[in-house]
Enquirer: 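If you scroll down you'll find the structure; I have some questions about it.
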Amino acid sequence: MSGSGDRHDVVLGLTGLSHDPAACLVVDGELVAAVEEERLNRQKRTIAFPHRSIDFVLAHAGLTMDDVSDIAFYWDDRGQFARTMWHSAAQLPANPGGMLRILRQRLGTLRAPALLARELAVHRAGDVSALPPIRPVAHHEAHLAAAVLSAPFEPDAGLVVDGRGEIAATTLYRLGGATTEPVELESFPFPNSLGVFFGAVTQLLGGSALSDEYKVMGLASYGRPDARATRRVERLMRVLPDGRYQVNTGLLRPERCSTADLPWLAERAAAELRGGFREDGRFTQEARDFAYAAQNSLERAITGLVRRLVARTGARRLVITGGVAMNARAIGRLRAEGLVDQLHVPLAPTDAGASVGAALALLRRSGRAVPRPAALVDPFLGPRFSDGEIEELLVASGWHHEHCADVASAAAEAIAGGRVVGWFDGRMEFGERALGARSILGDPRSAETRDRINASVKRRESYRPFAPSVLEEESSHYFHLDRSRRMGEITRVTALAAREVPAVVHVDGTARPQTVPADWPVASFRRLIERFRDLTGTPMVVNTSFNVHDEPIVCTPEDALRCFATSGLDLLFIGPFLVRKGTHRV
């Protein structure tokens, strides 16, 4: 596009200066690229500024910073200092030490605009004055825009639930469609936050907040109702009869609750709530029961909020977003409750996805073209590598390889034969889920597949489940849903699934399926599943992200080869090529 002489409307959307840094590019109303920084700098849960992401999205479009019309940033603290301190005082009335720490933190955020400009100036030879206009967008507005504008229906209510925005941690909205400004009905100010509650639980169980919450969700399936665990969880967060919730903010260190490597609970509170959660390095039943109680409380809180929102608006079509919307079990329960007729979670409800939301919100508020909803659900927005580039790397690095005339069939046959394979094809996915471009695949008919991938391929906790990728038209035979194209919700399985595909059925009789339609953008992935069905009668494969424990999903062919070489994968299908173990020239 650059150098054509035509001026394009180019919006660079950014998440940065905190967790989940990412960048996206919208050109003339088309979302052309989006990527998380961790995929490029190879640091899991990085907090580095998304310089590499900016470089990628611009290069993908053939543009430079000269071509950018506006930079949309996912945070807007302007004029919020007094309101923030007022809300903090209301949340921490008997905690002057906490107020002082919050004051210091908020004073530090006043430097954020200058810091943002200085980071961006790197892309203009250090000249801040040469930058395009930087347009801050309120955090929950960015989240909401990504959800509303990608919905396949006209939503009439919205719920944003995350750790925190500038002030609010949860916001309820009345909506009037994509072209009408949302009306904020109610908000819950930070640190009265469901994201903070579940992050603190994650830390109590030995995990890292802002990244390991999904492990708690998985562990909860092994728990059982326990009065003591429920009391401990309710000491931290209570769900009220009217649909509201209340976090015990007196137990928190709120100034730390945006930083993963610092304790979010005061030391005395952590000692009070922590139990005998580990024995010989393994989780105890006490830990499992605590996770169960916390997960159940989170689900009750979210359904309570939706009941409250429906009661106030009469809404039947809901969007829900924010980092807490990544809790697939809560989303599955919400759908099963039948509180609304239609429910939509955007492609990436996390803060990384707020980079897209910020760009969309800016375009909408200025009356400019925004992408069509159908274009905002395609997850394949990251880097792509040509067959020639892949083959050149294979040759240069000494990997012997063979060209496959039908790579999908070859992979399906290998999986049907019990092999666990790496699958690398097309543009990388945006968001947390591997959806058929950067995946590890296996046979769902054997429970051994799950155990083997956990132990020797992913090298992760044995209790963690795997998702199935299933032909969409066959989904209802195995799962209690017809469509879930981004693995966004957990559902009950049928008796057929329990018998036929034990590798993807969790201990509590649930699964988190990806339904793959006939027109899936990665057509070869759809063909692979079709061929596997032809061979075995089973219309699905095990699908987990192509990475090992504590590494980001692979992005480049180099990443894929490195992961293949150091993991228990049997085969690697990369572009049109098959690579086998023991064929690397030293």
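Side chains are part of it too, since the values below use all heavy atoms of this structure and drop only hydrogens, waters and symmetry mates. Since this is a predicted model, take the numbers as computed values, not measurements.
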Enquirer: Checking side-chain contact (heavy atoms from CB on, under 4.5 Å) for the pair Ile331/Leu343: CA distance, chi angles, key distance, verdict?
Expert: CA-CA 9 Å; Ile331 298 301; Leu343 173 67; 4.2 Å; yes
Enquirer: How far does CG of Asp28 sit from CZ of Arg7, to the nearest 0.5 angstrom?
Expert: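 That separation rounds to 10.0 Å.
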Enquirer: What do the steps show when you test Glu489 against Arg335 for salt bridge (charged side-chain N to carboxylate O under 4.0 Å, His left out), and what is the final call?
Expert: CA-CA 9 Å; Glu489 59 190 271; Arg335 192 181 295 278; 2.8 Å; yes
Enquirer: If you look at every heavy atom in Ala23 and Ile54, which pair is closest and at what distance?
Expert: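 For Ala23 and Ile54, the tightest heavy-atom pair comes out as CB-N, 3.9 Å.
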Enquirer: Are more than 12 heavy atoms, taken from residues, nucleotides or ligands other than Leu481, located less than 6.0 Å from that residue's CG atom?
Expert: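 Yes, enclosed.
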Enquirer: Please lay out, stage by stage, how His51 and Asn41 fare under the test side-chain hydrogen bond (donor to acceptor under 3.5 Å, both in side chains).
Expert: CA-CA 10 Å; His51 291 297; Asn41 74 5; over 6 Å; no
Enquirer: Check whether any side-chain heavy atom of Leu435 sits under 4.5 Å from a side-chain heavy atom of Met487, and report yes or no.
Expert: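 They are in contact (side-chain heavy atoms under 4.5 Å apart), so the answer is yes.
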Enquirer: For the backbone of Leu363 and the side chain of Ser366, can you confirm whether one donor and one acceptor N or O come within less than 3.5 Å of each other?
Expert: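 Yes, the answer is positive, given that a donor and an acceptor are paired below the 3.5 Å cut-off.
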Enquirer: How about Thr544 and Ser439: do any of their side-chain heavy atoms sit closer than 4.5 Å?
Expert: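 Of all side-chain heavy-atom pairs linking Ser439 with Thr544, none is under 4.5 Å.
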Enquirer: Any carboxylate oxygen within less than 4.0 angstrom of a Lys/Arg side-chain nitrogen, looking at Arg365 and Glu141?
Expert: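 Yes, charged N to carboxylate O under 4.0 Å.
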Enquirer: Considering non-hydrogen atoms only, spot the tightest contact between Ala352 and Phe430 and give its length.
Expert: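 Heavy-atom minimum between the residues: O-CZ, 3.5 Å.
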Enquirer: Given side chains that start at C-beta, do those of Tyr173 and Leu144 come closer than 4.5 Å, heavy atoms only?
Expert: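 Yes; the side chains approach each other to less than 4.5 Å.
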Enquirer: Any ion pair linking Asp212 and Lys215 (charged N to carboxylate O, less than 4.0 Å)?
Expert: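 Salt bridge between Lys215 and Asp212, a charged N being under 4.0 Å from a carboxylate O: yes.
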Enquirer: Thinking salt bridges, do Arg312 and Glu186 make one under a 4.0 Å N-O criterion?
Expert: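 Salt bridge: yes.
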Enquirer: Please check if the side chain of Ser545 supplies one atom and the backbone of Asn547 the other of a donor-acceptor pair under 3.5 Å.
Expert: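 No; zero donor-acceptor contacts below 3.5 Å.
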Enquirer: For Asp559 and Arg42: C-alpha separation, side-chain torsions, deciding distance, then whether salt bridge (charged side-chain N to carboxylate O under 4.0 Å, His left out) applies.
Expert: CA-CA 9 Å; Asp559 300 335; Arg42 308 309 301 159; 3.7 Å; yes
Enquirer: For Arg317 and Glu154, indicate whether the former's side chain and the latter's backbone hold a donor-acceptor pair under 3.5 Å.
Expert: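 Checking the backbone N and O of Glu154 against the side chain of Arg317, a donor-acceptor pair under 3.5 Å is found.
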Enquirer: Counting distance only, does the side-chain N/O of Thr259 pair as donor-acceptor with the main-chain N or O of Leu262 below 3.5 Å?
Expert: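 It does not hold such a pair.
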Enquirer: Can you tell me how far the CG atom of Leu175 sits from the CG atom of Leu318, to the nearest 0.5 Å?
Expert: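 Between Leu175 CG and Leu318 CG, I get 8.5 Å after rounding to 0.5 Å.
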Enquirer: Find the distance between CD (Glu37) and CG (Leu14) and round it off to the nearest 0.5 Å.
Expert: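 So the CD of Glu37 and the CG of Leu14 are separated by 10.5 Å.
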Enquirer: Mark yes or no for whether Ser484, through its side chain, and Thr515, through its backbone, hold a donor-acceptor pair below 3.5 Å.
Expert: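 No; zero donor-acceptor contacts below 3.5 Å.
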Enquirer: Grab the two heavy atoms, one from Val319 and one from Pro155, that are nearest each other, plus how far apart they are.
Expert: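 Nearest pair, atom of Val319 first, then Pro155: CG1-CB, 3.8 Å.
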Enquirer: Ignoring hydrogens and angles, tell me if any N or O in the side chain of Thr15 forms a donor-acceptor pair with the backbone of Asp351 under 3.5 Å.
Expert: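 Yes, because the side chain of Thr15 sits within donor-acceptor range (under 3.5 Å) of the backbone of Asp351.
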Enquirer: Flag the pair Phe564 / Trp399 as yes when their ring centroid distance falls below 6.0 Å, and as no otherwise.
Expert: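 Yes, the ring centres sit under 6.0 Å apart.
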Enquirer: Would you say Leu17 and Leu116 make side-chain contact, with heavy atoms under 4.5 Å?
Expert: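 Leu17 vs Leu116: side chains touch.
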Enquirer: Below 4.0 angstrom, N of the basic side chain to O of the carboxylate: do Arg124 and Asp127 qualify?
Expert: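 No salt bridge links Arg124 with Asp127.
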Enquirer: Taking Glu472 for its side chain and Val516 for its backbone only, find out whether a donor-acceptor pair lies under 3.5 Å.
Expert: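 A pair under 3.5 Å: no.
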Enquirer: Rounded to the nearest 0.5 Å, how far does CD of Glu391 lie from CZ of Phe577?
Expert: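 These two atoms lie 4.0 Å from each other.
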Enquirer: Pick from Arg45, Arg486, Arg512: which one makes a salt bridge (charged side-chain N to carboxylate O under 4.0 Å, His left out) with Glu432?
Expert: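 It is Arg45; the other options fail the test.
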Enquirer: Tell me if a side-chain donor or acceptor on Asp156 pairs with a main-chain N or O of Arg316 at a distance below 3.5 Å.
Expert: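 Yes; at least one donor-acceptor contact below 3.5 Å.
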Enquirer: Please determine if Arg526 and Glu473 form a salt bridge, counting it only when a charged side-chain N lies under 4.0 Å from a carboxylate O.
Expert: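 Result for this pair is yes, salt bridge flagged.
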Enquirer: Donor-acceptor pair, distance only, cut-off 3.5 Å: does the side chain of Glu429 make one with the backbone of Gly436?
Expert: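 Yes; at least one donor-acceptor contact below 3.5 Å.
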Enquirer: Thr170 versus Ser187: any side-chain heavy-atom pair under 4.5 Å?
Expert: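 No, side chains not in contact.
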Enquirer: Distance check, rounded to the nearest 0.5 Å: Leu569 atom CG versus Cys563 atom SG?
Expert: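 Going from the CG atom of Leu569 to the SG atom of Cys563 covers 6.0 Å.
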Enquirer: Atom CD1 of Ile320 and atom NE2 of His344: how far apart are they, to the nearest 0.5 Å?
Expert: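 Ile320 CD1 to His344 NE2: 11.5 Å, rounded to 0.5 Å.
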Enquirer: Could you go step by step and tell me if Asp70 and Arg368 meet the salt bridge (charged side-chain N to carboxylate O under 4.0 Å, His left out) rule?
Expert: CA-CA 12 Å; Asp70 301 277; Arg368 291 139 74 184; 2.7 Å; yes
Enquirer: Give me the ring orientation class for Trp423 and Phe573: parallel if the planes are under 30° apart, tilted from 30 to 60°, perpendicular past 60°.
Expert: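 Plane angle between 30° and 60°, so tilted.
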Enquirer: Quick one: do the Thr171 and Glu184 side chains pair a donor with an acceptor below 3.5 Å?
Expert: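 Absent: no donor and acceptor within the cut-off.
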Enquirer: Could you tell me whether Arg39 and Glu36 have a side-chain N and a carboxylate O separated by less than 4.0 Å?
Expert: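 Yes, Arg39 and Glu36 are salt-bridged.
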Enquirer: Taking all non-hydrogen atoms of both residues, which atom of Val128 and which atom of Ala121 are closest, and how far apart?
Expert: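 Shortest heavy-atom separation between Val128 and Ala121 comes out as CG2-CB, 3.7 Å.
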Enquirer: If I compare all heavy atoms of Ala209 with all of Thr202, which pair ends up nearest, and what's the gap?
Expert: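 Scanning both residues, the minimum pair turns out to be N-CG2, 4.3 Å.
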Enquirer: Has the side chain of Glu389 got a donor or acceptor atom that lies under 3.5 Å from a matching backbone atom of Asp387?
Expert: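 Looks like no, no N/O pair under 3.5 Å.
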Enquirer: If every non-hydrogen atom of Val137 is compared with every non-hydrogen atom of Ala142, which pair is closest and at what distance?
Expert: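 Where Val137 meets Ala142 most closely, the heavy atoms are CG1-N, 4.0 Å.
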Enquirer: If you define the side chain from C-beta out and look only at heavy atoms, does anything of Phe466 sit under 4.5 Å from Asn543?
Expert: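 Phe466 does not reach Asn543 side chain to side chain.
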Enquirer: Evaluate the side-chain contact (heavy atoms from CB on, under 4.5 Å) criterion for residues Val32 and Val57: first the C-alpha distance (whole Å), next the side-chain angles of each, then the deciding distance (0.1 Å), finally the verdict.
Expert: CA-CA 8 Å; Val32 299; Val57 297; over 6 Å; no
Enquirer: Taking the inter-plane angle between the rings of His139 and Tyr74 on a 0 to 90° scale, is it parallel (under 30°), tilted (30 to 60°) or perpendicular (over 60°)?
Expert: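 Perpendicular, since the angle between the ring planes exceeds 60°.
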Enquirer: Are the aromatic rings of Trp264 and Phe198 close, with centres under 6.0 Å apart?
Expert: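 Centroid separation for Trp264 and Phe198: 6.0 Å or greater.
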Enquirer: Does any part of the side chain of Val27, heavy atoms only, come nearer than 4.5 Å to the side chain of Leu25, both counted from C-beta?
Expert: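 Heavy-atom side-chain distance check passes, below 4.5 Å.
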Enquirer: For the residue pair Arg438 and Phe424, would you count it as a cation-pi contact if the rule is NZ or CZ under 6.0 angstrom from the ring centre and within 45 degrees of the ring axis?
Expert: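 Here Arg438 passes the 6.0 Å and 45° test against Phe424.
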Enquirer: Glu213 and Asn327: side-chain contact (heavy atoms from CB on, under 4.5 Å), yes or no, with the steps?
Expert: CA-CA 8 Å; Glu213 284 83 350; Asn327 191 295; over 6 Å; no
Enquirer: Is there a side-chain contact between His401 and Leu578 (heavy atoms, below 4.5 Å)?
Expert: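 Not touching, per the 4.5 Å side-chain cut-off.
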Enquirer: Where do Phe380 and Val522 land on the side-chain contact (heavy atoms from CB on, under 4.5 Å) test, with the steps shown first?
Expert: CA-CA 8 Å; Phe380 304 104; Val522 183; 3.4 Å; yes
Enquirer: Run the salt-bridge test on Arg372 and Glu30 with the 4.0 Å N-O cut-off and return the result as yes or no.
Expert: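 Looking at Arg372 and Glu30, the cut-off is not met.
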